[in-house]
Amino acid sequence: MKAIRVHEFGGPEVMKLEDVPDLQPGPGQVVVQIHAAGVNPVDSYIRSGAYALKPNLPYTPGNDAGGVVMAWGEGVTRVKAGERVYVSGSLSGTYAEQTLCNEAQVHRLAGKVSFEQGAAMGVPYGTAYRGLFQRGDARAAETVMVHGASGGVGTAAVQLAGAVGLTVIGTAGSERGMQLVKAQGAHHVLNHSSEGYLDELMKLTESRGVDLILEMLANKNLAKDLTVLAKKGRVVVIGSRGPIEINPRDAMGRDADIRGTTMLNTSEQEYKQMHAALVAGLENGTLRPVIGQKIPLVEAARAHTEVMKPSGAYGKIVLVP
Ligand code: NAP
């Protein structure tokens with residue numbers, strides 16, 4: 001089969017398409033034939049060698065995919081040959097024609113959901129679910145600002161929050177992104193590139209502020225986030241690309257929390273709960289992943305350049321073998 005291989009950490013150009021042996025499942029493992037692989041910002045942090053988690057070289061990047069079960073090892077009971085699945089976590093990487101997973105990393109993909117949409121589930125929807133419910137304690141009737149709602153995690157968060165009865169304020173940096181956020185069911189959409197957009201947010205909440213913020217670019221926004229929180233508000237830091245100075249008094253006066261999150265800390269139980277909810281959401285049509293770009297697997301380097309662009313996100317980037 002063909003797979004992207006990385007032999008040294010570095011820029012996008014270190015990813016090369018190569019021929020590698022077909023995968024064989026061991027006990028409790030499943031081999032999935034990949035129809036689409038999700039491209040996440042974290043894949044490029046790992047490839048550059050700057051991430052906390054460094055795989056042994058050479059390796060195949062990627063955590064997420066949509067595909068069909070090809071083979072399974074002894075003891076596997078949850079899936080069978082030919083079943084459509086999405087993959088969230090992989091032992092061998094997903095930028096390839098096949099991937100090897102533990103049985104628990106493979107989830108049923110409803111018939112009406114495309115493989116590309118399946119590839120958009122794992123990291124983006126998992127993170128949005130974790131940010132809202134496992135870290136953010138989101139409750140119906142609260143107001144959430146999804147600060148960066150036009151990308152993979154943001155569109156997922158808008159759909160999830162709207163489905164359980166939160167009032168959703170989403171932000172994007174372009175007109176096209178704003179329309180996308182509105183189409184996901186956001187009640188209000190603001191432009192995070194325009195002056196004074198947080199004043200508009202205060203007007204929308206009648207000066208009360210929001211109960212919860214999911215923050216995609218904390219190094220730019222955290223200080224201001226603390227000034228638009230309601231009493232007992234929470235900011236969940238999902239993305240940050242550098243340091244920032246904050247005024248702790250803005251948190252004190254509100255009894256506010258700043259809560260970090262990383263998918264790496266998801267426990268087995270939390271992972272199970274997350275995917276039970278996500279599978280159900282795909283089946284009942286609540287969750288509709290938005291695909292922004294489909295890029296051929298051989299052009300993985302271009303996909304990494306696209307996913308790291310500072311603005312202009314529009315749904316999810318997937319690689320197609
Ligand atoms: P993505 O698809 O590239 O989306 C990036 C989002 O950030 C877009 O909505 C973009 O909006 C927005 N953005 C750009 N400038 C912004 C600003 N000034 N204020 C607020 N938002 C802004 O990336 P993603 O997959 O959704 O991931 C988002 C971030 O979360 C990344 O930094 C990623 O590394 C991180 N992340 C963390 C975890 C974790 O476990 N903690 C998991 C997944 C992702 P426009 O393009 O419309 O301007």
Side-chain angles (χ1 to χ4, degrees), residues 25-32 34 37-38 40 42-43 52-53 62-81 83-94 99-113 115 117-140 144 152-153 155-166 212 214 234 236 238 259-289 316:
Q29 296 177 341
V30 176
V31 176
V32 175
I34 293 181
N40 292 294
V42 69
D43 303 340
L53 202 77
N63 182 83
D64 298 344
V68 172
V69 173
M70 292 176 72
W72 65 96
E74 202 186 320
V76 169
T77 54
R78 283 180 65 234
V79 289
K80 50 184 186 310
E83 195 167 331
R84 302 172 89 254
V85 292
Y86 76 84
V87 164
S88 175
S90 158
L91 301 169
S92 63
T94 59
T99 189
L100 182 69
C101 299
N102 285 323
E103 182 182 18
Q105 295 172 317
V106 171
H107 309 277
R108 195 170 63 241
L109 186 64
K112 59 195 167 197
V113 184
F115 292 120
Q117 289 178 304
M121 291 307 294
V123 170
Y125 276 79
T127 303
Y129 184 88
R130 182 165 178 77
L132 282 167
F133 305 114
Q134 294 178 340
R135 297 293 294 135
D137 293 325
R139 302 271 150 80
V144 60
V153 178
T155 48
V158 170
Q159 293 173 7
L160 281 163
V164 299
L166 280 92
L212 178 62
L214 297 194
R234 295 89 66 195
V236 178
I238 292 178
R259 302 180 185 177
T261 187
T262 165
M263 286 291 275
L264 293 175
N265 291 337
T266 308
S267 70
E268 210 174 302
Q269 181 66 8
E270 287 171 330
Y271 179 93
K272 244 187 186 169
Q273 288 167 348
M274 175 186 289
H275 287 287
L278 298 182
V279 167
L282 286 175
E283 284 178 356
N284 67 27
T286 308
L287 304 182
R288 306 159 312 278
K316 185 76 211 156

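When reading the values below, keep in mind they use all heavy atoms of this one structure, side chains included, and skip hydrogens, waters and symmetry mates.
- Salt-bridge formation is detected for the pair E283/R108: a Lys NZ or Arg NE/NH1/NH2 atom is positioned less than 4.0 Å from an Asp or Glu carboxylate oxygen.
- In this structure, the side chains of W72 and E103 stay at 4.5 Å or more apart for every pair of heavy atoms.
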(message) As a quick check of understanding, evaluate side-chain contact (heavy atoms from CB on, under 4.5 Å) for M263 and M274, giving each step before the final call.
(response) CA-CA 11 Å; M263 286 291 275; M274 175 186 289; 4.2 Å; yes
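- With no hydrogens or angles considered, a side-chain donor-acceptor pair links R130 and T261 at under 3.5 Å.
- The backbone N or O of A156 sits nowhere less than 3.5 Å from a side-chain atom of Q159 that would complete a donor-acceptor pair.
- A donor-acceptor contact shorter than 3.5 Å links the side chain of R259 to the backbone of R135.
- Using a distance-only test at 3.5 Å, with no hydrogens or angles considered, a donor-acceptor pair links the side chain of T94 to the main chain of D64.
- A side-chain donor from one of S90 and T99 sits under 3.5 Å from a side-chain acceptor of the other.
- A donor atom on one side chain and an acceptor atom on the other are not found under 3.5 Å apart for Q273 and Y129.
- No side-chain donor-acceptor contact under 3.5 Å links R84 to the backbone of G118.
- Taking the side chain as every heavy atom from C-beta outward, L160 and L278 approach each other to under 4.5 Å.
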(request) Could you check L212 against V236 for side-chain contact (heavy atoms from CB on, under 4.5 Å), going step by step and ending with a plain yes or no? (result) CA-CA 8 Å; L212 178 62; V236 178; 4.0 Å; yes
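- Proximity of Y86 to L282: side-chain heavy atoms (C-beta onward) are separated by under 4.5 Å at one or more points.
- Within a 6.0 Å radius of CZ in R288, other residues, nucleotides and ligands contribute more than 12 heavy atoms.
- Here OG of S92 is found 9.0 Å from CD of Q29. Values are rounded to the nearest 0.5 Å.
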(request) Verify side-chain contact (heavy atoms from CB on, under 4.5 Å) between V279 and M121, making sure each step is shown before the conclusion. (result) CA-CA 9 Å; V279 167; M121 291 307 294; over 6 Å; no
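- Using a 30° and 60° split on the angle between ring planes, H107 and H275 fall in the parallel class, below 30°.
- When the options V76, V31, V69 are evaluated for a side chain to side chain contact (heavy atoms under 4.5 Å, CB included) with P25, the one that passes is V31.
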(request) Go through the steps to decide whether S88 and Y271 satisfy the test side-chain contact (heavy atoms from CB on, under 4.5 Å), and finish with yes or no. (result) CA-CA 10 Å; S88 175; Y271 179 93; 3.7 Å; yes
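- Side-chain atoms of N63 and N40 include no donor-acceptor pair closer than 3.5 Å.
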